[in-house]
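In this text the structure is predicted, and so the values were computed from the model without any measurement. Every number for a ligand or one of its atoms is a count from 1 in the order of the listing. Any value given below was found using the heavy atoms of this structure, including those in side chains, with hydrogens, waters and symmetry copies removed.
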Amino acid sequence: MNTELFHIQDPKGHEQEIAHVADILRTGGLAVFPTETVYGLGGLATSEHAAKAIYEAKGRPSDNPLIIHVAAPEDAEPYAVTSEIYYRLAAQFMPGPLTVILSKKETIPHAVTGGLDTVAVRCPAHPVARALIEAVGAPVAAPSANRSGRPSPTCAAHAIEDLSGRVAAIIDGGECEVGLESTIIKLEGDKGILLRPGAITADALSCVCEVSIAPAVTAALAENERPLSPGMKYRHYAPHAPLVLLDGAQDAVLRYLQNESADPAVGILCYDEELPLLSGKATLFPIGKKEDLPTQARRLFAALREADTHPALTKLYAHLPPPNGLGLALYNRCIRAAAHTVKKID
Ligand code: AMP
Ligand code: MG
């Protein structure tokens, strides 16, 4: 398939191109578009055919449900059973990087929800995503625009790498502002369960409703070192070289990394301020300053992809992020990329 490429940072002045991509989606085709979290692989959310095409293009098991994207919170009405809490969350966080799981209505095929009777609803803030969904006039089902198992794409080049030739169009809207997938909260009555941490933190959600954190979010928090192989099914964003997360006091971890950095087969996802302190023999991937979690969130997936372009690397190290605030989202992605391999440094 020939993939058309468009460059649209701001929908103003690009109405015709957006209408063209909206037509592709409305008629059952697939298109990649930018959002503030990561790039999405979009298809018409009311179409079983489009859902199947998305799973095929991604190489994703069809029991892993898709998120439906709406232009405004109330646009979810024909597709999901909304509630007072949904609208309270919407008033605070939509449009934005929050996905809410609600009971689905019959308008959404089971092919989209992986057979579940619930549906994930998100209203993205990115102006190109919003203009596109508005032009489609229906919700757009979109998982992250990566091949299954690869890190989510945070710029168009990543999506092109994974999906060129598999989709009808890709809109390049520049680098994603957040860089990690949306926070997912499941509503049960007036309580919420955090299923996936993201830029909307558990503390922020707690201001609206009671929130508990699903155990899977922080699983293996207390673990020290674990063999890689049994954790394979948890290995989501796995780089080719196995990733080990280092947990310990900053100076002890730095000393350990200084030692390891003498090995040219080692890659390190390091803090910016560590660059001059580590040996040039290792390959260094700076992900931002230690205290600058938003930059780390923005750069993490690109760094994991970059590491994969160095076939000589046999081991990767990164710091174990702090499991609170935005750190919890980084922690959650890192433990998956590392298949829960955490090494305690004393
Ligand atoms: P992605 O689109 O790649 O960000 O992945 C979407 C994720 O949303 C899936 O992996 C699921 O974990 C989650 N999800 C989507 N729909 C549901 C649902 N109905 N119930 C629980 N989780 C969901
Ligand atoms: Mg994904």
Atom-level proximity to ligand 1, residues with heavy atom under 4.0 Å:
Arg60, Asn64, Pro65, Leu66, Ile67, Ile101, Leu116, Thr118, Val119, Ala120, Ala142, Pro143, Ser144, Ile184, Leu195, Arg196
With distance as the sole test, does His126 use its side chain to make a donor-acceptor pair with the main-chain N or O of Pro124 at under 3.5 Å?
no
For the Mg ion (ligand 2), every protein N/O/S atom that sits closer than 2.8 Å, waters excluded:
Ser144 OG
Pair listing, ring pair (Phe, Tyr, Trp, His ring centres under 6.0 Å) test, anchored in residues 298-317, at least two apart
Tyr237-Phe301, Tyr256-Tyr317, Phe285-His310
Quick one: list whatever passes side-chain hydrogen bond (donor to acceptor under 3.5 Å, both in side chains) with Glu74, sequence neighbours left out.
none
Would Glu291 and Gln296 satisfy side-chain hydrogen bond (donor to acceptor under 3.5 Å, both in side chains), going step by step from the backbone distance to the final call?
CA-CA 9 Å; Glu291 304 300 332; Gln296 293 175 35; over 6 Å; no
Can you find a pair of side-chain heavy atoms, one from Val21 and one from Phe6, that are under 4.5 Å apart?
yes
Mind running salt bridge (charged side-chain N to carboxylate O under 4.0 Å, His left out) on Arg305 and Asp162 for me, showing each step along the way?
CA-CA 11 Å; Arg305 279 181 182 259; Asp162 281 16; 3.0 Å; yes
Do Ile68 and Ile133 share a hydrophobic cluster, counting only Ile, Leu, Val, Met, Phe, Trp and Tyr and linking them when any side-chain heavy atoms are less than 4.5 Å apart?
no
State the SG-NE2 distance between Cys270 and His319, to the nearest 0.5 angstrom.
7.0 Å
Glu181/Arg333 salt bridge by N-O under 4.0 Å criterion
yes
